[in-house]
Amino acid sequence: MLSEKVAVLLNEQVNKEFYSAYLYLDFSNYFEARGLDGFANWYKIQAQEERDHAMLFYQYLQNNNAKVTLEAIAKPDKVLDSDMTVLKCGLEHELYVTGLINAIYAAAYEDKDFRTMQFLDWFVKEQGEEETNANDLISKMELFGSDPKSLYMLNSELAGRTYSAPSLVL
Ligand code: FEO
């Protein structure tokens with residue numbers, strides 16, 4: 001049985017993850033317009049992963065007999081005026097999401113809600129990976145972004161990212 005507080009936070013996270021998907025789709029859209037199809041691919045797959053995250057929270061709530069309430073998804077509000085801005089917005093967003101996951105974890109810990117803590121362990125690890133990915137992209141762009149040939153190669157590398165379903169199955 002989830003406490004009211006934990007259930008509310010988990011329900012809010014459904015919306016936050018769908019917003020993340022929407023935000024990354026906007027990033028993909030930005031790079032598509034720039035003609036950088038590899039970057040567009042990378043963020044489109046990131047959007048798919050975020051949608052998966054939303055569905056995991058949705059399913060976890062239902063599996064625990066908690067009602068899911070779907071709220072409006074906000075419009076992506078980042079001003080994307082350069083390639084580096086997009087990458088930095090991505091890192092900033094992941095740090096924000098890590099804070100959200102940690103806050104749910106803290107609430108579950110307070111409740112001795114070990115089931116929710118175990119569920120969230122996967123997300124704690126995932127956030128670590130996503131922060132690393134976002135940081136790596138920024139480092140590569142700092143190194144290679146100003147040289148057209150290197151940017152082309154980086155774009156080709158990112159074109160190789162393929163979707164895989166989350167390792168967490170509920
Ligand atoms: Fe679902 Fe990137 O956090």
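Note that the structure is predicted; figures quoted are calculated from it, not measured. Just so you know, ligand 1 is whichever comes first in the structure, and atom 1 is the first atom listed for that ligand. Keep in mind that the numbers below use all heavy atoms, side chains included, and drop hydrogens, waters and symmetry copies.
Checked by atom type and distance alone, the side chain of Asn135 never pairs as donor or acceptor with a backbone atom of Leu91 at under 3.5 Å.
Aromatic ring pairs are classed by plane angle as parallel below 30°, tilted from 30° to 60° and perpendicular above 60°; the pair Tyr60 and Phe119 is parallel.
Between Lys125 and Glu129 a salt bridge is recorded (basic side-chain N to carboxylate O distance below 4.0 Å). With respect to the salt-bridge test (charged N to carboxylate O, under 4.0 angstrom), the residues Asp26 and Lys78 do not qualify.
At least one N/O/S atom of Glu94, from backbone or side chain, sits under 2.8 Å from atom 2 (Fe) of ligand 1.
Geometry at atom 2 (Fe) of ligand 1: OE2/Glu50 and OE1/Glu130 form an angle of 110°, nearest 10 degrees.
Nearest to atom 1 (Fe) of ligand 1, among the N, O or S atoms that Glu17 has, is OE1. For His53, the N/O/S atom at the shortest distance from atom 1 (Fe) of ligand 1 is named ND1.
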